[in-house]
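All heavy atoms count here, side chains included; hydrogens, waters and symmetry mates do not.
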Amino acid sequence: MKVVDLHPWPATAEEATAIQDTLRPLADLTSPGPPTLRTVAGLDVAYADDRLAAAVVVLDADSLDVVEEATVLDRPAFPYIPGLFAFRELPALVGALRELTVTPDLLVCDGHGLAHPKRFGLACHLGVLTGLPAIGVGKTRLVGSYDEPATDRGAWSALSDGGQVVGRALRTQTGVRPVFVSVGHRADLEAACALTLRLAPRYRLPETTRLADRLSRRTLTGC
DNA sequence: GCGACAG
DNA sequence: ATCTTGTCGC
């Protein structure tokens, strides 16, 4: 699939923050979500020493069967700084997306979107660069506070930061820790949570990110 | 100054 | 993210 170029690429944290400020207004935070959902892509990155492997796995939205996979071996493009995490993985992830022959209807990112100190996490960034609907599903919190959701699958509570609801703590399986869902691009919070639940029929994490995680690790090991 | 801090 | 054994529980 086609993805816009990433330049200019930041050399400093200040430049990276400036790019976030520039792109933030382009994120669509209120659309109802993809009208038709045929394919869904999960993205993840694995690290070893100074190398990384980015993986994208495209699933059939109904059967959750794998439709296509793509990987890219690379070096971290930026140091890890909370809030600027996206700049570390973006080039490799975009490279993997470019190799896809099918254009997915949704991107499921491991990390946050709106639930970010500057309201522009990885899910927003990838959504804007690709133009595709994107949501963030994080394993841990970056910003905000929340009440512990009820114990049953589907239970949730608002994740609030700076007097604003930036996401939800969503229980995807009864009795497991919640995941943190936030809007990325072209899909509102309600849709993002419904999609997350649909993609996580059996485990805490969506099948998209579980499969992308597996693929990224295998790629790093087998080379 | 002291914590908190996606992956 | 990654380093890592056994162990508690369904």
Side-chain angles (χ1 to χ4, degrees), chain A residues 10 13 16-17 19-20 23-24 27 42-57 71-96 107-129 134-146 151-153 159-162 164-185 189 192-193 196 202-206 208-222:
Chain A
T17 301
I19 290 174
Q20 292 180 327
L23 298 181
R24 183 173 46 237
L43 308 87
D44 196 18
V45 175
Y47 298 85
D49 300 315
D50 57 343
R51 297 188 313 149
L52 62 75
V56 180
V57 177
T71 60
V72 162
L73 282 165
D74 206 343
R75 306 272 176 190
F78 209 77
Y80 172 67
I81 301 172
L84 300 179
F85 161 66
F87 293 94
R88 191 168 170 74
E89 306 189 335
L90 227 31
L93 288 174
V94 166
L107 264 31
V108 180
C109 311
D110 80 304
H112 299 97
L114 228 208
H116 175 277
K118 304 302 273 296
R119 306 294 182 258
F120 197 73
L122 176 65
C124 299
H125 209 140
L126 270 173
V128 168
L129 291 182
I135 65 174
V137 180
K139 295 180 285 292
T140 62
R141 180 196 66 90
L142 206 211
V143 297
S145 58
Y146 63 99
T151 184
D152 53 302
R153 167 177 154 90
L159 176 65
S160 302
D161 183 54
Q164 176 190 187
V165 174
V166 296
R168 285 180 187 174
L170 174 66
R171 198 90 69 183
T172 54
Q173 299 296 328
T174 299
V176 305
R177 288 178 299 154
V179 297
F180 299 86
V181 180
S182 62
V183 168
H185 185 54
L189 187 52
C193 289
T196 298
R202 171 109 207 246
Y203 299 102
R204 180 169 91 112
L205 297 179
T208 37
T209 69
R210 294 187 67 242
L211 292 171
D213 178 80
R214 273 193 1 177
L215 179 56
S216 64
R217 297 195 190 195
R218 273 190 286 125
T219 303
L220 204 51
T221 299

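- The side chain of A:His116 has B:dA6 as its nearest neighbour among B:dA6, C:dA1, B:dA4.
- A:Phe78 and A:Phe87 have tilted rings, their planes meeting at an angle from 30° to 60° on a 0 to 90° scale.
- Within the 4.5 Å cutoff, the side chain of A:Arg168 has no heavy atoms near those of the A:Leu159 side chain.
- In this structure, A:His125 atom NE2 and B:dG7 atom P are separated by 18 Å, rounded to whole Å.
- At the phosphate of B:dA4, neither OP1 nor OP2 sits under 4.0 Å from any side-chain N or O atom of A:Arg141.
- Using a 4.0 Å heavy-atom criterion, one finds that A:Phe85 contacts the bases of the nucleic acid, with or without backbone contacts as well.
- Among the atoms of the strands shown, none is found under 4.0 Å from any heavy atom of A:Arg51.
- Heavy atoms from other residues, nucleotides or ligands lying under 6.0 Å from CZ of A:Arg177 number 12 at most.
- Residue A:Val56 comes nearest to A:Leu93 through the heavy atom pair CG2-O, 4.4 Å, listed as atom of the first residue, atom of the second, then distance.
- Within the 4.0 Å cut-off from OP1 or OP2 of B:dG7, not a single side-chain nitrogen or oxygen of A:Tyr47 is found.
- If you measure from atom CG of A:Asp110 to atom P of B:dA6, you get 12 Å, rounded to the nearest angstrom.
- Using a 4.0 Å cut-off between charged side-chain N and carboxylate O, A:Asp50 and A:Arg75 make a salt bridge.
- Contact annotation for A:Ala46: backbone-only contact, meaning every heavy-atom pair under 4.0 Å involves sugar-phosphate atoms and none involves a base.
- The listed nucleotides are C:dA1, B:dG7, B:dA6; the one nearest the side chain of A:Asp44 is B:dG7.
- Atoms CG (A:Asp213) and P (B:dA6) sit 17 Å apart, rounded to a whole Å.
- Protein atom CZ of A:Arg88 is 11 Å distant from nucleotide atom C1' of C:dT2, rounded to whole Å.
- Across the protein-nucleic acid pair, A:Leu142 atom CG and B:dA6 atom C1' stand 4 Å apart, rounded to whole Å.
- One finds a side-chain N or O of A:Lys139 lying less than 4.0 angstrom from the OP1 or OP2 phosphate oxygen of B:dG7.
- A:Leu43 places its CG atom 14 Å from the C1' atom of B:dG7, with the value rounded to the nearest Å.
- Aromatic ring centres of A:His116 and A:Phe85 lie farther apart than the 6.0 Å criterion allows.
- Within the structure, every side-chain polar atom (N or O) of A:Thr140 is placed at least 4.0 Å from both OP1 and OP2 of B:dC5.
- Rounded to an integer number of Å, the gap from CG of A:Leu122 to C1' of C:dA1 is 14 Å.
- Note on A:Gly136: nothing from the nucleic acid sits closer than 4.0 angstrom, heavy atoms only.
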I need a per-nucleotide contact map over nucleotides 4-10 of chain C, read 5' to 3'. Cutoff is protein heavy atoms under 4.0 Å; write B for the base, S for backbone only, - otherwise. -------
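- Contact of the A:Ser160 side chain with the A:Val165 side chain is registered, since non-hydrogen atoms from C-beta on lie closer than 4.5 Å.
- For the pair A:Arg210 and A:Tyr203, the cation-pi test (distance below 6.0 Å, angle within 45°) is passed.
- One can place CG of A:Leu220 at 18 Å from P of B:dG7, the figure rounded to the nearest angstrom.
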